[in-house]
Amino acid sequence: SRRRHTSYISVTGVQTCALPIFLEDHGDADARERPRQGRRVALPRRGVVAVLLLLASRTAAAQREPKLHTAQPERPSVSTHAGTVSTGWFEVETGIELDNGQDPDHTGVLTLAAKLGIGERLQLTMLMSALRATGFAGGMGDITTGVKYRMLSDHPILGDFAVLPSVKLPTGSVARGTGTGTTDGTLLLVSSRELFGADFNVNVGYTFRGGSGIRAPRDSWLWAASLSGDLPHGGGWVAELFGVPGTSGPQGALPLVGFLAGPTFTLRDWLVFDIGGIIPVVGPQAHAFYTGLTWNVGQLWGAPPRAVVK
């Protein structure tokens, strides 16, 4: 399956959601048709030796085959899914977003996310960005680090359920328009399941910010719901509705709701391309264009996947 959001079973046998190893069991040689009982089958000694050498060569060739690793992007949607990268595997996501709003008029954002499986059901994520808005010099933005923990799998109500606590550090610059100057803590709740043949994800998050509230609201909420699925020839699609309730304080803002949609394209098993747009539904959400890539780099440590020999 090439779907972005499906089931996230175990660290060693997952098809999707950034768990890049899926090794299909083809059975063993005993499954072949056997001679009928009572019939003697004799092979010359040279024939036996030739068969053994052939099997040994095929086994060695199969073990030399490259590891199977499939990119399973979490982008481009605002919401994420409950899947975690398999232990020892590393995946990178990068993208560009161009916003056309009112204040500021235009903003360009470059993002880079690095995801690493650090244990069973555990994923470490680091998000970095560079941005430039109208009237500001721009530069490197704040850095966010989080750990996703998948608590439940196939729950009858929650489906696959994960929690994602994260911390944003004030590495950007307020003067250059690349940061808020605050240290933020966020807790995101994630539920993923299959719905009418598509993959359905629901996120609810709460953020608390340090500081006095002069540069950014002291707290805020976020919700998002996305659907995604497959198209022929390695294609896919994603559609999402997301929103931020209104905030109070000196930097308080009106509530907003946005709609995101676009196709995805699997260029290689380990490389997925996405492109699309965002339009406002309610409030001051900017019109936006986005494009990006997800690259499954491979396994950094751990036992290699078992080769399958027919």
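Please read all numbers here as calculations on a predicted model, not as lab measurements.
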Hydrophobic cluster (4.5 angstrom, side-chain heavy atoms) - remaining members for [X]:
| X | answer |
| --- | --- |
| V174 | none |
| L164 | L188, V190 |
| I279 | W223, L241, V257, F259, V281, V282 |

Determine whether [X] and [Y] make a side-chain contact, defined as any pair of heavy atoms from C-beta on separated by less than 4.5 Å.
| X | Y | value |
| --- | --- | --- |
| F242 | I278 | yes |
| M151 | F161 | yes |
| Q123 | T125 | yes |
| I143 | M126 | yes |

Mind checking the [atom1]-[atom2] spacing from [X] to [Y]? Nearest 0.5 Å is all I need.
| X | Y | atom1 | atom2 | result |
| --- | --- | --- | --- | --- |
| S192 | R150 | OG | CZ | 10.0 Å |
| E194 | D154 | CD | CG | 10.5 Å |
| M140 | T178 | CE | OG1 | 9.0 Å |

Determine the minimum heavy-atom distance between [X] and [Y], stating which atoms define it.
| X | Y | value |
| --- | --- | --- |
| F200 | A225 | CE1-CB, 4.2 Å |
| A261 | Y290 | O-OH, 3.5 Å |
| L98 | G108 | CD2-CA, 4.0 Å |
| P73 | T294 | CB-OG1, 2.9 Å |
| G181 | P170 | C-CB, 3.9 Å |
| H81 | G83 | ND1-N, 3.0 Å |

Are the side chain of [X] and the backbone of [Y] linked by a donor-acceptor contact shorter than 3.5 Å?
| X | Y | value |
| --- | --- | --- |
| T291 | I275 | no |
| R218 | G211 | yes |
| S191 | L158 | yes |
| N296 | G298 | yes |
| S153 | D160 | no |
| E91 | L116 | no |
| T94 | T111 | yes |
| S86 | W89 | no |
| T134 | H106 | yes |

Could you tell me whether I214 atom CD1 has more than 12 heavy atoms of other residues or ligands within 6.0 Å of it? no
Say whether [X] and [Y], considering side chains only, have a donor N or O and an acceptor N or O under 3.5 Å apart.
| X | Y | result |
| --- | --- | --- |
| N201 | S79 | no |
| T84 | R121 | no |
| T186 | T207 | yes |

Pairs in or reaching into [range]: which pass salt bridge (charged side-chain N to carboxylate O under 4.0 Å, His left out), with residues at least two apart or in two chains?
| range | result |
| --- | --- |
| residues 290-304 | none |
| residues 280-304 | none |
| residues 272-293 | R75-D274 |

Using the side chain to side chain donor-acceptor pair (under 3.5 Å) criterion, which residues pair with Q285? Sequence neighbours excluded.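 Expected list: none.
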Which residues pass the side chain to side chain donor-acceptor pair (under 3.5 Å) test with T182, sequence neighbours left out?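 Result, side chain to side chain donor-acceptor pair (under 3.5 Å) vs T182: T180, D184.
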Side chain to side chain contact (heavy atoms under 4.5 Å, CB included) between L227 and W237, worked out: CA-CA 8 Å; L227 279 171; W237 59 271; 3.9 Å; yes
According to a 4.5 Å side-chain heavy-atom criterion applied to Ile, Leu, Val, Met, Phe, Trp and Tyr, with indirect links allowed, do [X] and [Y] form part of one hydrophobic cluster?
| X | Y | result |
| --- | --- | --- |
| V92 | I118 | yes |
| M128 | L131 | no |
| L231 | V272 | no |
| V167 | L189 | no |
| V297 | W301 | yes |

Any chance you could lay out the side chain to side chain contact (heavy atoms under 4.5 Å, CB included) test for S220 and R209, step after step, and finish with the verdict? CA-CA 9 Å; S220 63; R209 297 183 179 90; 3.4 Å; yes
Step by step, would you call Y206 with D219 a side chain to side chain contact (heavy atoms under 4.5 Å, CB included)? CA-CA 7 Å; Y206 173 76; D219 60 359; 3.2 Å; yes
side-chain contact (heavy atoms from CB on, under 4.5 Å) partners for [X], two or more places apart:
| X | value |
| --- | --- |
| P165 | L187 |
| L271 | L267, R268, L293, W295 |
| A113 | E93, L127 |

Assess whether side chain to side chain contact (heavy atoms under 4.5 Å, CB included) is satisfied between N203 and L222, documenting all intermediate values. CA-CA 8 Å; N203 288 193; L222 166 72; over 6 Å; no
Any side-chain hydrogen bond (donor to acceptor under 3.5 Å, both in side chains) involving residues 137-149? Give me the pairs, sequence neighbours left out, ordered by first then second residue. E74-K148, T80-K148, D142-K168
